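First comes the structure, then the notes that go with it.
Owing to the predicted nature of the structure, the values given are computational and were not obtained by experimental measurement.
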Amino acid sequence: MQTRFDLIVLGAGPAGATAALVAARAGLRVALIDKAVFPRDKLCGGLITGRCLSHLAALSAPPLPDTLTRHERLAFYRGGALLGEMTDSPPLHLTTRLSLDHHLLTLALEAGAVDLTGTRLREIGAGQVTLENGTLLGFSALIGADGVQSIVARHLFGASFDKAKIGFALETEAPPAPQEPIRIDFGAAHWGYGWRFPKPESTTIGIGGLHARNPQIRADMMRYLSELGAPKALRIKGHFLPFGDFRRIPGRGAILLAGDAAGLVDPITGEGIGHAILSGHDAAKAVTEALAAGTPESALRRYRRALGPLHRGLRHANLLRPLIFSDQTSPYFARLFHDSTTARQRYMALLAGEIEYPELLLLTLRRLPLRLLRGGMLSRRAASPPASGSGS
C-alpha cells in the first residue's frame, strides 16, 4: 500500500530542511527522509556569512543565538606568510552543523513535515520511492538535497558528480583556540585553500582543493596541521566538495536538486550553507507553484529561473578562480591581497553579501600584468584540471 505526498524531500540538512519548511508552510503534504537520526554530528567548517544570515532571516528562521559564535578578525595567508588581517570587517559567524541542522529540522517538523529521519532509501521509481523496510511513498514532486554523493542525482544522471571536476577536502576538530582569528590559507592545497575556524568547543581545521590536482592531500593536511601547531593524533575525515561545479540543469521535470547535490558550493569562498538554504527555498517555491498550476513538470523551469542569480555568481567565481589558484597568477593575486586593503575589504563584503563577484573580478583584472592575461591564463585549459590522481 502506498502513502501519497505532494513532495518528498531526501536529505534533512540545511537545503532539505529549508525545502520541507517552505513547502509545509505553503500547505503541501511533505515527507522529509534522511538516513541519520538528528541531532547528528557532521564535520563542516560551519561558516555562516552575512548572505547566509539574510537567507535565514527571510525564512523567519534565524539560528538560535547560542549556536553562533561571532568573529570580527580574519587573517589571510599564503605559503605560511601573512597577507593581511581584517579587524574592522563585516562580522562572520561560526556554528556547528549539529545545532544548525537540528534547529532547521525542528522548524520543518513544527510546520507539518512528516519526520522520516533515521530511514534509509532503497529505490527511486516513477512517482514513488521505496524505503529500506519496503514502505512505498508516492510523490508529485521530489527534491534531492542528499549531498554531494546524491542518490537523486545518480538516479537522474547516472552519476552524482563529475570526477574530473569535483573537489576534495580533509577536516578535523582540534582543541579550542577562542582567541585566534578565523584563518584562510590560499594554496594550502592545489587549486584550493586551508582554513582554521575557532569555535567554543573546538577548532575546525581543514584543507580542500580540486581532487584531480591533490594526489598527496593527506600529506599536505599533516603539514598544515604542523604549521598551525595542532596536535598530531587527531581524527581526520575526508569528503568530496562540488567546488563551483554546479549543475546547469539541476533536475528533471518535478525532480529537483538542491544544495551540494546541485553543486552549489562557491569555489573561492567555500560558501555552501547559505547557497543550500537559498536553493532549498527556491526549489520548494518552484514545486509549490508548479503543483498549484497543475503542471508538476514545470517545477524545473521555475526553479532554474529562480536560481539564475546564484548560477551567475558561481560562473563569475569560476572566472576568477584561475587568477587566484593557478601557479602562474597566484603570486600576483597574493601580492594584491597583501598590498591592497581594498581587495581584502571587497572579499569580506562579498562574504557579507554586500557585493557580488564582478566587482572583485574587475579589481583583480585591473591589477594583473597584461602579459599574464594575454598568455591565456583565463583559458579553458587553466580552468579545467586533468582527471588524474587520488584524493584519499
Side-chain angles (χ1 to χ4, degrees), residues 9-25 32-71 90-111 113 115 117-118 143 145-148 169 171-173 176 178 182 195-206 208 237 239 241-242 258-262 264-266 269-284 310 351-353:
V9 180
L10 184 59
T18 298
L21 171 63
V22 171
R25 282 179 176 173
L32 182 54
I33 302 172
D34 197 297
K35 64 184 179 181
V37 175
F38 289 68
R40 58 92 172 94
D41 281 311
K42 186 174 181 64
L43 192 63
C44 174
L47 179 66
I48 302 293
T49 67
R51 179 183 287 102
C52 181
L53 285 177
S54 69
H55 296 331
L56 288 167
L59 291 172
S60 299
L64 300 174
D66 60 358
T67 67
L68 294 180
T69 305
R70 180 184 173 111
H71 289 267
L92 296 174
H93 296 82
L94 296 175
T95 190
T96 65
R97 291 288 298 276
L98 183 147
S99 57
L100 176 67
D101 291 11
H102 188 234
H103 172 61
L104 291 173
L105 171 62
T106 300
L107 292 176
L109 300 182
E110 289 174 348
D115 184 4
T117 56
I143 294 176
D146 49 337
V148 65
E171 282 187 321
T172 190
E173 295 296 330
I182 290 176
W195 54 90
R196 180 185 63 195
F197 291 163
K199 305 170 188 176
E201 304 85 4
S202 65
T203 301
T204 304
I205 299 174
K237 292 184 178 181
H239 54 97
L241 283 177
D260 283 8
L264 300 175
V265 174
D266 190 297
T269 67
E271 179 167 13
I273 297 175
H275 294 343
I277 291 167
L278 177 62
S279 63
H281 169 274
D282 289 347
L310 176 54
L351 283 174

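In this structure, Leu104 CG and Leu109 CG are separated by 11.0 Å, a value rounded to the nearest 0.5 Å. Interatomic distance, Leu10 CG to Asp34 CG, rounded to the nearest 0.5 Å: 7.5 Å. Atoms CD1 and CD1, on Ile33 and Ile143 in that order, are 12.0 Å from each other to the nearest 0.5 Å. Distance check: Thr95 OG1 to His103 NE2 gives 9.5 Å after rounding to the nearest 0.5 Å.
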_Pair His102-Leu98, side chain to side chain contact (heavy atoms under 4.5 Å, CB included): steps then yes or no_ = CA-CA 6 Å; His102 188 234; Leu98 183 147; 5.8 Å; no
*Are Val148 and His239 close enough, and set up right, to give a side chain to side chain contact (heavy atoms under 4.5 Å, CB included), and what steps lead you there?*
CA-CA 9 Å; Val148 65; His239 54 97; over 6 Å; no
*Determine, step by step, whether Ile48 and Leu100 satisfy the side chain to side chain contact (heavy atoms under 4.5 Å, CB included) criterion, reporting the C-alpha distance in whole Å, the side-chain angles of both residues, the deciding distance to 0.1 Å, and the verdict.*
CA-CA 10 Å; Ile48 302 293; Leu100 176 67; 4.0 Å; yes
*Would Val265 and His275 count as a side chain to side chain contact (heavy atoms under 4.5 Å, CB included) if you check the C-alpha gap in whole Å, the side-chain angles of each, and the deciding distance to 0.1 Å?*
CA-CA 7 Å; Val265 174; His275 294 343; 6.0 Å; no
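The salt bridge (charged side-chain N to carboxylate O under 4.0 Å, His left out) test applied to Arg25 returns no partner, not counting sequence neighbours. Remark: His281 pairs with Thr18, Val22, Leu59, Lys285 by the side-chain contact (heavy atoms from CB on, under 4.5 Å) rule, at least two apart or across chains. In this structure, the side-chain contact (heavy atoms from CB on, under 4.5 Å) partners of Ala20, at least two apart in sequence or on a different chain, are Val9, Val30, Leu32, Ala108, Ala113. Scanning for side-chain contact (heavy atoms from CB on, under 4.5 Å) contacts around Lys35 gives Arg120, with sequence neighbours left out. Ser202 meets the side-chain contact (heavy atoms from CB on, under 4.5 Å) test with Glu173; sequence neighbours excluded. Partners of Asp266 by salt bridge (charged side-chain N to carboxylate O under 4.0 Å, His left out), not counting sequence neighbours: none found.
Each of Thr269, Ile273, Leu92 was checked for a side chain to side chain contact (heavy atoms under 4.5 Å, CB included) with Leu47, and the lone residue meeting it is Leu92.
Leu94 has its side chain within reach of Ile182: a pair of non-hydrogen atoms, C-beta onward, lies under 4.5 Å apart. Counting only heavy atoms from C-beta outward, the side chains of Leu351 and Pro90 never approach each other to under 4.5 Å. In this structure the side chain of Leu53 reaches within 4.5 angstrom of the side chain of Leu68, judged on heavy atoms.
When atom types are taken as modelled, the side chain of His71 and the backbone of Pro198 share a donor-acceptor pair closer than 3.5 angstrom. Ser279 places a side-chain N or O within donor-acceptor distance of the main-chain N or O of Gly259, the cut-off being under 3.5 Å.
Listed by first and then second residue, the salt bridge (charged side-chain N to carboxylate O under 4.0 Å, His left out) pairs involving residues 197-206 amount to none (not counting sequence neighbours). A salt bridge (charged side-chain N to carboxylate O under 4.0 Å, His left out) check over residues 49-61, counting only residues at least two apart or in different chains, returns the pairs Arg51-Glu271, Arg51-Glu356.
Closest approach of Ala17 and Leu105 over heavy atoms only: CB-N, 3.9 Å. Listed here is the closest heavy atom pair of Pro176 and Pro200: CB-O, 3.5 Å.
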Which atom pairs, donor and acceptor, lie under 3.5 Å between side-chain atoms of residues 37-45 and protein residues at least two apart or in another chain?
{"from": "Arg40", "atom 1": "NH1", "to": "Asp101", "atom 2": "OD2", "distance (Å)": "2.8"}
{"from": "Arg40", "atom 1": "NH2", "to": "Asp101", "atom 2": "OD2", "distance (Å)": "3.0"}

